[in-house]
Amino acid sequence: MLRIEEEELAEFVSVVLADTEVVWNDIFADLGKEYNEPKLVLFTGSVQSACGVAGASTGPFYCPGDKNVYIDLSFYNELKTQFKAPGDFAMAYVIAHEVGHHIQNELGIIAQMDEIRGKVSKEEYNKYNVRLELQADYLAGVWANHVQGQNLLEEGDLEEALTAASAVGDDRIQMQSQGYVVPDSFTHGTSEQRKRWFYKGYEAGDLSQWDTFSANEL
């Protein structure tokens, strides 16, 4: 049985996912496309997905193979304690980011990434991956804009999301874990980049500036 806190968190995650579905169904309709909603899988400890077995250290993730968003319920406390990014909207950003990967999958971006993978060096692929992750941050920002439009954002919510985006930057994580940074090994982007692309999506509220792959500067 889930503990009370986990039950409440599970309900919160489901509510956020349902809200992303409303937003992305509308945006896809404007694009003349149908939005195929991802499935939500909640887990603690480890989970089997079409992308393999994921342990607790993996955290929340999206698997293109089964189009599922996997949310590790213990990550909420990790955000609060390890990453110093407390608050419900910090977790909401994480969920919206993983849904962003589903959007990328639906629009063929992840298939293009798979094609690139075997053609470039690991360092070069890491650079593409950073652009992929920053794009997912932008998409999370687009969702946050629509939440704001429904007057559902409370004071401090946006700051919680920006703090979370900054907390999971490659440079911040590497510095905390090993005391130095290796830019060539970055796969998600720096704290500043993640924060900026989330906010860029939040300000735009649509896909007009989402193309991180063509951006000269990240």
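Atom CD1 in I71 sits 7.5 Å away from atom CG in L42 (nearest 0.5 Å). Note: Y62 OH to I95 CD1 = 16.0 Å, rounded to the nearest 0.5 Å. Atoms CG and CZ, on L218 and R131 in that order, are 4.0 Å from each other to the nearest 0.5 Å. Taking OH of Y138 as the start and NZ of K200 as the end, the distance is 7.5 Å to the nearest 0.5 Å. Atom-to-atom distance recorded for N77:CG and E6:CD is 8.5 Å, nearest 0.5 angstrom. Rounding to the nearest 0.5 angstrom, the gap separating the NZ atom in K122 from the CG atom in N129 is 11.0 Å.
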Show which side-chain atoms of residues 11-21 pair as donor or acceptor with protein atoms under 3.5 Å away, not counting sequence neighbours.
unit_1 : atom_1 : unit_2 : atom_2 : d
S14    : OG     : A10    : O      : 3.0
D19    : OD2    : W143   : NE1    : 2.9
T20    : OG1    : L17    : O      : 2.6

Do any side-chain atoms of residues 164-173 form donor-acceptor pairs under 3.5 angstrom with protein atoms, and if so which ones, sequence neighbours left out?
unit_1 : atom_1 : unit_2 : atom_2 : d
S166   : OG     : R172   : NH2    : 2.9
D170   : OD2    : T187   : N      : 2.8
D170   : OD2    : H188   : N      : 2.6
D170   : OD2    : G189   : N      : 2.8
D171   : OD1    : S191   : N      : 2.9
D171   : OD1    : S191   : OG     : 3.3

Table please: side-chain donor-acceptor pairs of residues 26-40 below 3.5 Å, with sequence neighbours left out.
unit_1 : atom_1 : unit_2 : atom_2 : d
N36    : ND2    : E106   : OE1    : 3.1
E37    : OE2    : N25    : ND2    : 2.8

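Clustering ILVMFWY residues whenever any of their side-chain heavy atoms sit less than 4.5 angstrom apart, transitively, puts I103 in the very cluster that holds V147. One hydrophobic cluster holds both L139 and L158 under the rule that ILVMFWY side chains link at heavy-atom gaps under 4.5 Å. Linking ILVMFWY side-chain heavy atoms closer than 4.5 Å, directly or via other members, places Y128 and L132 in a single hydrophobic cluster. Hydrophobic clustering of Ile, Leu, Val, Met, Phe, Trp and Tyr side chains at less than 4.5 Å, counting indirect connections, keeps V41 apart from M91.
Listed by first and then second residue, the salt bridge (charged side-chain N to carboxylate O under 4.0 Å, His left out) pairs that reach into residues 84-97 come to none, sequence neighbours excluded. Residue pairs meeting the salt bridge (charged side-chain N to carboxylate O under 4.0 Å, His left out) criterion with at least one member in residues 42-52, sequence neighbours excluded, do not occur.
In terms of the ring-ring contact (aromatic ring centres under 6.0 Å, His included) criterion, F213 has no residue partners (sequence neighbours excluded). Partners of F186 according to the ring-ring contact (aromatic ring centres under 6.0 Å, His included) rule, which considers only residues two or more places apart in sequence or in another chain, do not exist here. Looking at residues two or more places apart in sequence or on another chain, you find a salt bridge (Lys or Arg N to Asp or Glu O under 4.0 Å) between D137 and R194. By the ring-ring contact (aromatic ring centres under 6.0 Å, His included) test, Y202 pairs with Y199, sequence neighbours left out. In terms of the ring-ring contact (aromatic ring centres under 6.0 Å, His included) criterion, residue partners of F83 (sequence neighbours excluded) are, by chain and number, F75. By the salt bridge (Lys or Arg N to Asp or Glu O under 4.0 Å) test, R196 pairs with E192, sequence neighbours left out.
Other residues, nucleotides and ligands contribute at most 12 non-hydrogen atoms within 6.0 Å of the CD atom of E154.
Heavy atoms only, all atoms of each residue included: A85 and A90 are closest at O-CB, 3.4 Å. A50 and G65 get closest at one heavy-atom pair: CB-C, 3.9 Å. Between T44 and S74, the shortest heavy-atom distance links the atoms CG2-N, 4.2 Å.
For the pair F43/L73, no side-chain contact is recorded, criterion being any heavy-atom separation below 4.5 Å from C-beta on. The shortest side-chain heavy-atom distance between T58 and D72 does not fall under the 4.5 Å cut-off. Side-chain contact between N145 and E203 is absent, with no heavy atoms from C-beta onward closer than 4.5 Å. Between Y93 and F198 there is a side-chain heavy-atom pair separated by less than 4.5 Å. P86 places none of its side-chain heavy atoms less than 4.5 Å from the side chain of L79.
Side chain of H101 to backbone of A136: no donor-acceptor contact under 3.5 angstrom is found. Looking only at distances, no side-chain donor or acceptor of S214 sits under 3.5 Å from a matching main-chain atom of D211. Within the 3.5 Å criterion, the main-chain N or O of F89 finds no donor-acceptor partner in the side chain of D157. Not a single donor-acceptor pair under 3.5 Å links the side chain of E98 to the backbone N or O of V69. Listed for the Q135 side chain is a donor-acceptor partner under 3.5 Å among the backbone atoms of W210.
Aromatic ring orientation, Y70 versus F61: parallel (interplanar angle below 30°, classes split at 30° and 60°).
Through chains of ILVMFWY side-chain contacts below 4.5 Å, Y180 is grouped with V182.
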>> Would E124 and K119 count as a side chain to side chain contact (heavy atoms under 4.5 Å, CB included) here? Give the steps.
In response: CA-CA 10 Å; E124 193 65 28; K119 298 175 181 173; over 6 Å; no

